[in-house]
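In what follows, a structure is listed as structure tokens, so that the remarks can point back to it.
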Amino acid sequence: MAAGYLDILRARHAARLLTGTLVGRLPNGTAHIAIVLFTRAEGGSYTLAGALTAAYGLATAVGQPLLGRAVDLYGQPRVQLPAAVLSALGMALLALAGLGSLPLAYLAVIVAGIATPPLEGGLRALWPSVLKGEGQVHRAYAMDAVAQEIMFTVGPLLVTLLVSLWSPAAALLVINAIGVLGALSVVLSEPSRTWRSAPREAHWLGALRSPGLLALLGAFFFVGLALGSITVAGVAYADDHGRESVYGWLMAALGLGALIGGLAYGARQWAGAPEKRLRIIVGLLALGYLPLTLTPSVPVMTAFAALAGVFLAPAIACSFIVVDRHAPRGTVTEAFSWLVTTFGVGAAAGSAVAGPAVELGSTAWSFAVAGAGGVAALIVLLTTGKLLETPVRTAAVVTGSENDRNGAVEPGFSSGHKA
């Protein structure tokens, strides 16, 4: 298992691109906790903290596909680095101006959110140019999903450490400065500088003109909804048991399960169409969410949380392959960015629905939202099977990028990554 991942990291530029992307995404991955801690330190209410976080999240959802399209049109360095700097300046404005003027605070988080660089989609567009063959790219997608789990675990810990050592304002400034450095590392690399999207057909819908991609996005809205509802349901479960630490255990178990699942998924070569494989994985994901509604004792619930996480990273990794196959020519970064946006909007919706579910019903009801989200995702994939069975491209990767002077391409493959 480890040997396959080491082979990827030993490939030229691979470790730099993965590390730079993860570091560059730290501001986005930690924004929710950083904004809440800053708002509370400034004397703001939890309602205000939630509103500012929601404004940031919605702005990010709008900005990702727009910036992804810009990357496809103009290249990575001309979009990613200016966006990272502008986003960091938005958070710096919030940190330095405080909450004295609420319109200014909202403007700051909206600017920071809408300018968040689409590094995640950009990395997935670069993998085929630095790795050899379809198998390595698919394994890199799995490694990418695993790395996300690590970032979402380490990132909040880093924020809380900076808050304890300095202040919430300093945490905002430092995290966003680090993010700019990560983006800078990516865009100065040779693959990023030389990458060009394939020529694209002029169409106002861009990547969204692909029926298969729309079907996938519909399914992953509900996967995001399931995950977002668990974050709220976990808090309610911890309150029921009178210990805040229980929430940490549940979230850690969920992340551990995803880590194990992602590593196992990427350790082997998979045969057959990824669209069919995705339906199976999402079905198992939905099945894993259902036991959470039993809300048993803390040890058993922690084990259930780990089980619920096992198929999350494989589902995400497999979805990357499906996106790559269904993205119209010249829209690959935009298509990946739409997946990020749809998943994030679904998570926000899940959080919004799980709260009333607790208040109107019980903690079990809020976990039932997660189960319902998983089932709904599976239903979307099953009912749109014919759309997903007709990919734009039947091969996923090139053996040698068009940015590679050798320019070798797999037979029958029409590259959607480079001009």
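Between the CG atom in Leu225 and the CD1 atom in Ile230 there is a gap of 10.0 Å [rounded to 0.5 Å]. Rounded to the nearest 0.5 Å, atoms CG (Leu213) and CZ (Arg325) are 13.5 Å apart. Atoms CG and CG, on Leu292 and Leu307 in that order, are 8.0 Å from each other to the nearest 0.5 Å. The CD atom of Gln76 sits 11.5 Å away from atom CG of Leu81, with the distance rounded to the nearest 0.5 Å. We find the CH2-CG distance between Trp166 and Leu172 to be 13.5 Å, quoted to the nearest 0.5 Å. Remark: Leu119 CG to Phe336 CZ distance equals 14.0 Å, nearest 0.5 Å.
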Would you check, one step at a time, whether the test side chain to side chain contact (heavy atoms under 4.5 Å, CB included) holds for Thr60 with Ile114?
CA-CA 5 Å; Thr60 303; Ile114 206 165; over 6 Å; no
Verify side chain to side chain contact (heavy atoms under 4.5 Å, CB included) between Val282 and Val380, making sure each step is shown before the conclusion.
CA-CA 10 Å; Val282 170; Val380 171; over 6 Å; no
Pair Thr331-Arg69, side chain to side chain contact (heavy atoms under 4.5 Å, CB included): steps then yes or no:
CA-CA 7 Å; Thr331 67; Arg69 180 176 296 193; over 6 Å; no
Take Tyr56 and Asn28 through the side chain to side chain contact (heavy atoms under 4.5 Å, CB included) test and state the conclusion after the steps.
CA-CA 9 Å; Tyr56 174 86; Asn28 181 245; 3.2 Å; yes
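In this structure, the side chains of Leu254 and Leu227 come closer than 4.5 Å at one or more pairs of heavy atoms. With contacts defined as side-chain heavy-atom distances shorter than 4.5 Å, the pair Val358/Asp239 does not qualify. Here the side chains of Ile379 and Phe222 are not in contact, with every heavy-atom distance at 4.5 Å or above. At least one side-chain heavy atom of Val159 sits less than 4.5 Å from a side-chain heavy atom of Ile175. Using a 4.5 Å heavy-atom threshold, the side chains of Leu217 and Phe221 count as separate.
In summary, the side chains of Gln64 and Thr341 do not present any donor paired with an acceptor at a separation below 3.5 Å, with no hydrogens or angles considered.
Atom CZ of Arg78 sits in a sparse spot, with 12 or fewer heavy atoms from other residues, nucleotides or ligands closer than 6.0 Å.
Under a 4.0 Å N-O distance rule, the pair Arg279/Glu275 does not qualify as a salt bridge.
When each of Leu96, Ile35, Val111 is tested with Met91 by the rule side-chain contact (heavy atoms from CB on, under 4.5 Å), just one qualifies, namely Ile35.
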